[in-house]
Amino acid sequence: MRCIVMICSLCTLFACSTYGQEAKQWQVGARLGWPTGATARYFISDKSAVEAIGGLQSEQISLTALYQLHNDLTTLLSEGWGWYIGAGGHLGTRRIEGNTKFFSGIDAIAGINYSFQNFPMNLSIDWKPAVNINAPSTLADFGISARYIFRKNH
C-alpha cells in the first residue's frame, strides 16, 4: 500500500496541468486513513458525486456510501483544485474481545482535492467523522486518497 502512495506522489511531481471532474466520470483508487481500503467515486453532475469506500482494517470490515457536493477553488488557487462536503452512512463488522459485532452509523465528509489535466489522477485529503449507532463513534477520521480518473466516452 505504501508503494502505491509513493508511486502516486512521484507521478504528481511530474504532472504540470489539471484534469477536472465531469458528469458521468468514474474515479477509482486507494484510501489511507480510517478506514483504509478502496474508494470509487462517480460524478452524477459536474458538482455532485457519490463515493463508496470499502474498508479493511484491524479486525474490521466496513462499507461507506457518501453523497458529495463539489466546488471549484480555481479562483483562489490554481486550476484543478476543489473542495467538497457530503454525508452518508456506513455498516460493517468489528471483532471486539473475541466476538464479531455488527455496527452501523452516519458519516459526514469534508475535503480538498486536486485533479491533473494531462495525467488522469485525483488526489484528496479529507476529514470523515462517523457517529456509530451501536459502537464507539470515531470523530477524528482523516484520510488521503489517490484515484485514477476514467475518461467518459464522447
Side-chain angles (χ1 to χ4, degrees), residues 1-58 60-92 103-132 135-152 154:
M1 202 57 132
R2 289 182 182 160
C3 221
I4 292 171
V5 172
M6 289 174 64
I7 290 169
C8 292
S9 298
L10 287 173
C11 290
T12 62
L13 294 175
F14 298 109
C16 58
S17 56
T18 61
Y19 189 95
Q21 285 85 343
E22 301 172 356
K24 300 182 182 177
Q25 177 189 88
W26 279 98
Q27 298 178 352
V28 178
R31 183 177 198 277
L32 294 176
W34 192 266
T36 292
T39 174
R41 185 188 285 168
Y42 178 75
F43 277 85
I44 300 165
S45 71
D46 293 346
K47 294 198 176 244
S48 64
V50 289
E51 181 177 6
I53 303 168
L56 179 61
Q57 190 166 356
S58 163
Q60 176 175 308
I61 297 172
S62 64
L63 179 62
T64 304
L66 300 160
Y67 177 79
Q68 301 169 346
L69 297 174
H70 287 255
N71 294 289
D72 192 15
L73 282 174
T74 301
T75 55
L76 296 174
L77 301 170
S78 62
E79 187 76 26
W81 286 96
W83 65 276
Y84 57 95
I85 58 170
H90 66 272
L91 53 90
F103 66 93
S104 61
I106 57 173
D107 298 77
I109 192 165
I112 6 184
N113 64 174
Y114 184 75
S115 295
F116 299 93
Q117 183 175 347
N118 293 332
F119 189 70
M121 178 167 282
N122 172 272
L123 301 175
S124 67
I125 184 165
D126 63 61
W127 172 51
K128 194 188 75 53
V131 176
N132 292 316
S137 296
T138 50
L139 301 178
D141 291 351
F142 291 90
I144 298 172
S145 299
R147 297 176 195 87
Y148 179 81
I149 301 172
F150 292 91
R151 294 185 103 168
K152 70 177 184 177
H154 295 283

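Along the sequence shown, the residues carry numbers beginning at 1. Here the structure is a predicted model, which is why all the values come from computation and not from measurement. What's counted below: heavy atoms across the whole structure, side chains too, no hydrogens, waters or symmetry copies.
Between atom OG of residue S124 and atom CD of residue Q27 there is a gap of 8.5 Å, rounded to the nearest 0.5 Å. Between the CG atom of D107 and the CD1 atom of I53 there is a distance of 7.5 Å, given to the nearest 0.5 Å. Within the model, atoms CG of L91 and CZ of F103 stand 8.0 Å from one another, a figure rounded to the nearest 0.5 Å. Taken from OG in S145 to CD1 in I125, the straight-line distance is 9.5 Å, to the nearest 0.5 Å. The line from NZ of K24 to CD1 of I44 is 11.5 Å long, rounded to the nearest 0.5 Å.
By the side-chain contact (heavy atoms from CB on, under 4.5 Å) test, L63 pairs with no residue at all, sequence neighbours left out. In this structure Y42 satisfies the ring pair (Phe, Tyr, Trp, His ring centres under 6.0 Å) test together with W26, sequence neighbours excluded. In this view, T74 and D72, E79 satisfy the side-chain contact (heavy atoms from CB on, under 4.5 Å) rule, not counting sequence neighbours.
Within the 4.5 Å cutoff, side-chain heavy atoms of L139 are placed close to those of V131. Side-chain contact between P120 and Y148 is present, with heavy atoms from C-beta onward closer than 4.5 Å. Annotation: side chain of N71 is in contact with side chain of K47 (closest heavy-atom distance under 4.5 Å). With contacts defined as side-chain heavy-atom distances shorter than 4.5 Å, the pair Y84/D126 qualifies.
Distance alone, capped at 3.5 Å, is enough to place a donor-acceptor pair between the Q57 side chain and the T36 backbone.
A140 and W127 make their closest contact through CA-NE1, 4.2 Å (heavy atoms, listed as atom of the first residue, atom of the second, distance). Smallest separation of non-hydrogen atoms from D141 and A130: OD2-CB, 4.2 Å.
A salt bridge does not link R31 with E51: every distance from a Lys NZ or Arg NE/NH1/NH2 to an Asp or Glu carboxylate oxygen is 4.0 Å or more.
For the side-chain contact (heavy atoms from CB on, under 4.5 Å) with L66, the qualifying choice from K128, R41, H90 is K128, the only one to do so.
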